[in-house]
Amino acid sequence: MQNKKFSPERQSAFEARFEAQKIAYGPVVFQCVRYAWKRGMLQAIADAGDTGLSSDELASTGRWTPYVLKVVLETCLSAAVVYLDDGRYVLDKAGFVVLTDPITQVNIDFNHDVCYQALFSLEQSLDAEKPLGLKVFGDWPTVYEGLSQLPEPARSSWFAFDHYYSDTSFPDILPDVFATAPRRVMDIGANTGKFSLAALGANPGIELHLVDLPGQLAVAGGALQEAGLRERATLHPTNLLDPAAKLPADMDVIWMSQFLSCFSEAAIASILERAAEALGPRGQVLIMDTFWDRQRYDIAAYCLINTSPYFNNLASGNSKVYESGDYVRLAEAAGLELVTARDNIGYCHSLLRFAKKAPKAA
Ligand SMILES: C[S@@+](CC[C@H](N)C(=O)[O-])C[C@H]1O[C@@H](n2cnc3c(N)ncnc32)[C@H](O)[C@@H]1O
């Protein structure tokens, strides 16, 4: 059993009350800081450096009324995004991060454009274990059927969030993927084909089998065509939630990146069983995912844990960001054993390598 605590040592009751108010006002602070970023207030204040700008100076630009400046910047002040120095607003450190850090911006856009409105239904989604928040975008059983049709800006923010996390890890893991000199590689949950493109480009000796829902594979097929790599790839449109849907056999490497977190434990168990069946004699299953229990820094664990409500409310209703032990347990039940685990890949990925369990000697 693991121990984990996010509160600081010897936190006083008074400090805890302040933390509780930050929770109570979290949505308000989020919206105001986002407004200050998107509408250029933070940039204007940053441009003024340590001298900062008074409310009157900001209003004199004609971009914001004195009233709007007061409402928005006082909230930013309370959130340590700006500070007041002799009546002049100066950018504080958290404001600098909001203004310059791509991952913070990707997270804000994802939470606003994809999650925010839908989160109003979280209570019902949790009770039903169904993605009831998805109705704000369309009538799909899970977000994955609707991905290619999501309205903007939700679609762009969803893909930016998904790609930002995995893109930074793909170059780093290719040596792991090729470590056993595979010939037949299967990318399950291939999405827009980013991993498949990277693998095919880096290794002329492999063939790729892409598995995903039809809508996603159409996009991936186009990307492969454009890159001149289509002949070395086979597309397998498959809904893996159908337990009868088989996977193509005789694979040397089965690659799943940020894929199993889309499913319930029962579905993961079934997918891993089919993956184990699809392995060739010396084949391995490589799972790259974001496990909140394997993070070096609490900041990453915090972001990952707080992505799970999206999985409930919008993605599938019964999936989440898992602990690594959950996958290991389900893989073992599917006849696989953990060979290696490597952490600190990209922002927050770990790579779990599994092989088929050796048959017990008679
Ligand atoms: C979070 S994305 C990960 C994409 C990519 N592997 C990466 O690392 O960026 C999950 C992918 O799983 C696919 N997927 C979700 N449910 C599926 C299902 N029932 N059958 C097949 N693919 C599914 C989605 O379409 C999507 O492409």
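Start at 1 and go down the list; that is how both ligands and their atoms are numbered. Predicted, not measured: the structure shown is a model, and the values here were computed from it. The first residue in the sequence is number 1, and the count goes up from there.
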Which ligand 1 atoms, with their elements, are less than 4.0 angstrom from a heavy-atom of C262? 10 (C)
So is F263 close enough to ligand 1, meaning a heavy atom under 4.0 angstrom away? yes
Would F161 and Y165 count as a close aromatic pair, with their ring centres under 6.0 Å? yes
Quick test: of every protein heavy atom, which one is nearest to atom 3 (C) of ligand 1, and how far off is it to 0.1 Å? Q258 O, 3.3 Å
Does a side-chain N-to-carboxylate-O contact under 4.0 Å join E337 and K356? no
What protein heavy atom sits nearest atom 15 (C) of ligand 1, and how far away is it? Y144 CG, 3.2 Å
Say whether S257, considering both its backbone and side-chain N or O atoms, lies within less than 3.5 Å of an N or O atom on ligand 1. yes
Close aromatic pair by centroid cut-off 6.0 Å: F120 and Y116: no
Check the surroundings of atom NZ in K246: do more than 12 heavy atoms from other residues, nucleotides or ligands lie under 6.0 Å from it? no
Any salt bridge between E323 and R294, counting N to O under 4.0 Å? no
Short N-O contact, D252 and R184, less than 4.0 angstrom: no
Identity of the nearest option to atom 9 (O) of ligand 1, non-hydrogen atoms only, from N191, L260, D162: D162
With atom 24 (C) of ligand 1 as the reference point, say which of D212, L241, I271 has the nearest heavy atom. D212
More than 12 heavy atoms of other residues, nucleotides or ligands under 6.0 Å from CD1 of I299: is that the case? no
Quick check on contacts: which atoms of ligand 1 are under 4.0 angstrom from a heavy atom of T238? 20 (N), 21 (C)
Got a donor-acceptor contact below 3.5 angstrom from the T307 side chain to the C303 backbone? yes
Can you find an N or O of N239 that's nearer than 3.5 Å to an N or O of ligand 1? yes
Would you kindly specify which portion of Q216 sits under 4.0 Å from ligand 1, judged on non-hydrogen atoms: side chain, backbone, both or neither? side chain
Heavy-atom distances under 4.0 Å are what count here, so tell me which part of Y165 touches ligand 1: side chain, backbone, both or neither. neither
For ligand 1, the portion of I188 having any non-hydrogen atom under 4.0 Å away: neither
So, is F259 polar-close to ligand 1, with some N/O to N/O distance under 3.5 Å? no
Just need the protein heavy atom nearest to atom 5 (C) of ligand 1, so name the residue and atom and give the distance. G189 O, 3.3 Å
Evaluate L240 for polar contact with ligand 1, using N/O atom pairs at a separation under 3.5 Å. yes
Check whether the ring centres of Y322 and Y327 lie less than 6.0 Å apart, and answer yes or no. yes
I'd like to know if E19 and K22 make a salt bridge, using a cut-off of under 4.0 Å between side-chain N and carboxylate O. yes
